[in-house]
Amino acid sequence: MLAVFILAKIAMRYWLMKSEPDEVSIDDALAAPDQTVAWTGVRNYQARNFMRDVMQIGDGVLFYHSSCPQPGIAGLAEVASTPYPDETQFDPHSPYYDPKATRESPRWMLVDVRAVRKTRLVPLAEMRAAPALEGMQVLQKGSRLSITPVTKCEWNYILKRML
DNA sequence: GCCAACGTTGGC
DNA sequence: GCCAACGTTGGC
């Protein structure tokens with residue numbers, strides 16, 4: 001059991017997950033039952049694969065607000081479930097409906113995300129201005145992925161210096 | 001609303 | 001497998 005615990009700690013990962021606050025803001029997530037929301041609507045294979053194949057319960061999450069007046073990190077969260085099918089892919093009335101997905105072979109998987117706390121807003125411009133963060137995947141030119149890995153260094157820097 | 005950049009689709 | 005056309009993302 002100790003070995004399992006140590007391996008789990010070693011495998012601990014960090015992520016940045018984008019959400020449009022008009023849809024789900026950090027406040028919405030904090031107000032949800034158990035402060036937990038299903039991360040619906042991801043329709044990009046790379047982002048899906050992170051949720052389906054790589055994320056583990058307890059992984060740290062930077063909750064990022066995108067497509068809004070003040071884009072930036074708005075809170076801290078954590079991965080709160082193992083992967084399971086995104087229900088919205090089966091709903092013809094959902095904007096995330098995928099006619100090619102079936103319950104027998106779902107195409108889109110998600111995880112639950114539990115909001116831990118709101119932070120001061122760390123604006124995108126401030127992140128770009130920080131030399132320590134210049135390697136962050138989400139800041140790379142042309143990056144559009146809504147879920148990106150964050151290194152332990154980047155995570156620590158953001159927590160200690162920016163939040 | 002603009003537009004750069006990227007991802008997906010589908011004809012060949 | 002190539003690649004042009006199209007759709008989407010997301011900051012500004």
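Convention: sequence-line order gives letters A, B, ...; per-chain numbering from 1. It should be emphasised that the depicted structure is a prediction, and the values quoted were computed from it without experimental measurement.
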Please step through salt bridge (charged side-chain N to carboxylate O under 4.0 Å, His left out) for the pair A:D59 and A:R13, ending with a clear verdict.
CA-CA 5 Å; A:D59 282 1; A:R13 292 172 193 271; 5.2 Å; no
- Yes or no on side-chain hydrogen bond (donor to acceptor under 3.5 Å, both in side chains) for A:R52 and A:Y45, after CA distance, side-chain angles and deciding distance? CA-CA 10 Å; A:R52 189 189 63 184; A:Y45 289 104; over 6 Å; no
Trace of the side-chain hydrogen bond (donor to acceptor under 3.5 Å, both in side chains) decision for A:T88 with A:D86: CA-CA 6 Å; A:T88 63; A:D86 181 342; 2.7 Å; yes
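A distance of 9.0 Å separates CH2 in A:W15 from CD in A:Q137, rounded to the nearest 0.5 Å.
A:V111 and A:V116 fall into different hydrophobic clusters, where Ile, Leu, Val, Met, Phe, Trp and Tyr residues are linked whenever their side-chain heavy atoms come under 4.5 Å apart, directly or through other members. Grouping the Ile, Leu, Val, Met, Phe, Trp and Tyr side chains by contacts below 4.5 angstrom, directly or via other members, places A:M109 apart from A:F50.
Using a cutoff of 4.0 Å between basic side-chain nitrogens and carboxylate oxygens, A:R43 and A:D98 are not scored as salt-bridged. Using a 4.0 Å cut-off between a side-chain N of Lys or Arg and a carboxylate O of Asp or Glu, A:R161 and A:E126 do not qualify as a salt bridge.
You'll find the ring centres of A:Y84 and A:W108 outside the 6.0 Å limit. Side-chain rings of A:Y96 and A:W39 stay apart, their centers remaining 6.0 Å or farther from each other.
Residues of residues 120-140 of chain A that place a heavy atom closer than 4.0 Å to DNA chain B do not occur.
Stem regions for DNA chain C, each three or more consecutive Watson-Crick or G-U pairs with both distances under 3.5 Å and listed by first number, read B:1-12 with C:1-12.
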5' to 3', nucleotides 6-11 of chain B under a 4.0 Å protein heavy-atom cut-off (B base, S sugar-phosphate only, - none) gives BSS---
